[in-house]
**Q** 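Could you have a look at this structure, given as C-alpha cells, before my questions?
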Amino acid sequence: MTAPLLQLKDIRVSYGRAEVVHGISLDVATGSIVSVIGANGAGKTTLLNAAMGVIPSSGTIHYRGKPAPHSVEGRVQAGMCLVPERRELFTSMSVEDNLALGGFLRSATERKETLEDVYNRFPRLKERRTQIAGTLSGGERQMLALGRALMSRPQLLMLDEPSLGLAPKIVAEILGIVSELRATGVSILLVEQNARAALEISDDAYLVELGEVRRSGKAAEMAADPALVESYLGGA
Ligand code: ATP
C-alpha cells in the first residue's frame, strides 16, 4: 500500500496551558478530498495551522512518506499550501500582484505558465487582473485566495472554510472548482462548517468535536448516517 500524501499522527496543540487539539490522527490519500467537519471551536483551524507548520504542535506529520519539512517555507517548497480562513489577501495590491506573490518560490518560467493556468481556471480574475484586491466581492476574493495558492503549484491544498460568508450559489461554484482541482491531481484537505456541502465533494471525512476525532470514514457513508445527519447536518 502506498503511503498517504499527508499523515498526521497524534497531533496535539496548546495555546498557553490550554490544550485544544487532543491527539488527532488523520490521513489524506493522494488524489483525494478529505474534509474535516465539526462545530465552531472544535479545533479545525488549529489542526490545519499545525499541519502547515504555522503553529507548533506535538505528534508526527508525514508528507509523501517522510517527516514534513520543519519550516513553513520548506513545506510550501515541498508542495503543501494553506488557504487561511480570512483569505489574507494583500488588499491594497492588484489581483495580478497577489497572484505573483503566491508563486514567489517558483521560477519565473513556472510562474508565467502557472499564471496562465490560473487565468484559464478563473476567467474572472483575468478580467480583473489590474483591480485592487480589496475591492473584489467575497466570491472573487475566495477565487483569488485559491488562485494565489495554486501559483505555488501545490500537491496538497489545505482549505480553511472556503465557503465562509459566501452566498449558496457562490459556495457551489467554489466547491465545484475544488472538485475540478482534485481531477488535475491536487489532493485536498478541506475544513468546513458547511458539512453537507463538504461531504458531497469529499472521499473521506473526519468529524472533530472538542479537539478530538469523533467519527471518521467514507464521506458518503457519513452523509447517509441518520444519527450524524440529525446531530451535525441539521436534520434529514
Ligand atoms: P471555527 O470554525 O470557529 O474557526 P475551529 O474548529 O476552527 O472553529 P479553532 O479556531 O481551531 O476551532 O479553535 C479551537 C479552540 O482554540 C477554540 O476554543 C479557540 O477559542 C481556541 N483558540 C484558537 N486560537 C487561539 C489562540 N490564538 N489563543 C488561544 N486560544 C485559541
**Q** What's the shortest heavy-atom distance between T135 and I132, and which atoms?
**A**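 Closest approach of T135 to I132: OG1-O, 2.7 Å.
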**Q** For residues I174 and P162, report the shortest heavy-atom separation together with the two atoms involved.
**A**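 Looks like CG2-CB, 4.1 Å.
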**Q** Kindly state each residue pair satisfying salt bridge (charged side-chain N to carboxylate O under 4.0 Å, His left out) with at least one member in residues 60-85, sequence neighbours excluded.
**A**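 Of all non-adjacent pairs touching residues 60-85, none passes salt bridge (charged side-chain N to carboxylate O under 4.0 Å, His left out).
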**Q** Taking distance alone, no hydrogens or angles, what donor-acceptor pairs closer than 3.5 Å link side-chain atoms of residues 23-32 to residues at least two apart or in another chain?
**A**
from	atom 1	to	atom 2	distance (Å)
S25	OG	D10	N	2.9
D27	OD1	Q7	NE2	3.4
S32	OG	A29	N	3.4
S32	OG	A29	O	2.6

**Q** Could you check whether E192 and S163, counting side-chain N and O atoms only, form a donor-acceptor pair closer than 3.5 Å?
**A**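 Yes.
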**Q** Determine, stepwise, if the pair E113 / R153 fulfils salt bridge (charged side-chain N to carboxylate O under 4.0 Å, His left out).
**A** CA-CA 10 Å; E113 272 173 28; R153 298 165 80 107; 3.7 Å; yes
**Q** May I ask you to check whether over 12 heavy atoms, not counting those of R124, lie within 6.0 Å of atom CZ?
**A**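 Not more than 12 within 6.0 Å, no.
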**Q** Walk me through whether N194 and I37 qualify under side-chain contact (heavy atoms from CB on, under 4.5 Å).
**A** CA-CA 8 Å; N194 193 338; I37 58 174; over 6 Å; no
**Q** Is the closest basic N to carboxylate O distance between R141 and E88 below 4.0 Å?
**A**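 Between E88 and R141 there is no salt bridge, as every charged N stays at least 4.0 Å from the carboxylate O atoms.
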**Q** Checking side-chain polar atoms at under 3.5 Å, does Y119 have a donor or acceptor matched by the opposite partner on E96?
**A**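 E96 and Y119 do have a side-chain donor-acceptor pair below 3.5 Å.
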**Q** Ion pair present between D204 and K218, side-chain N to carboxylate O less than 4.0 angstrom?
**A**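 Looking at D204 and K218, the cut-off is met.
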**Q** Taking all atoms of both residues into account, what is the closest heavy-atom pair of P154 and A149, and its distance?
**A**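 For P154 versus A149, the nearest heavy atoms are CD-O, 3.4 Å.
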**Q** If you measure from CD on E127 to CZ on R129, what distance do you get to the nearest 0.5 Å?
**A**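 Between E127 CD and R129 CZ, I get 10.0 Å after rounding to 0.5 Å.
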**Q** Can a salt bridge be assigned to the pair D160 and K44 using a cut-off of 4.0 Å between side-chain N and carboxylate O?
**A**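 Result for this pair is no, no salt bridge flagged.
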**Q** Of all heavy-atom pairs between T46 and I55, which one has the smallest distance, and what is that distance?
**A**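 Nearest heavy atoms, T46 then I55: O-CD1, 3.6 Å.
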**Q** Mind checking side chain to side chain donor-acceptor pair (under 3.5 Å) for E180 and listing every partner two or more places apart, or none if nothing turns up?
**A**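 Counting only residues at least two positions away or on another chain, E180 forms a side chain to side chain donor-acceptor pair (under 3.5 Å) with R121.
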**Q** Please give me the minimum heavy-atom distance between A50 and V13, naming the atom from each residue.
**A**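 Residues A50 and V13, closest heavy atoms: CB-CG2, 3.9 Å.
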**Q** If you round to the nearest 0.5 Å, how far is CE of M143 from OG of S137?
**A**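 Those atoms lie 7.0 Å apart.
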**Q** Can you see whether T114 engages E110 through a side-chain donor-acceptor pair at a distance of less than 3.5 angstrom?
**A**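 Side-chain D/A pair, T114 to E110: absent.
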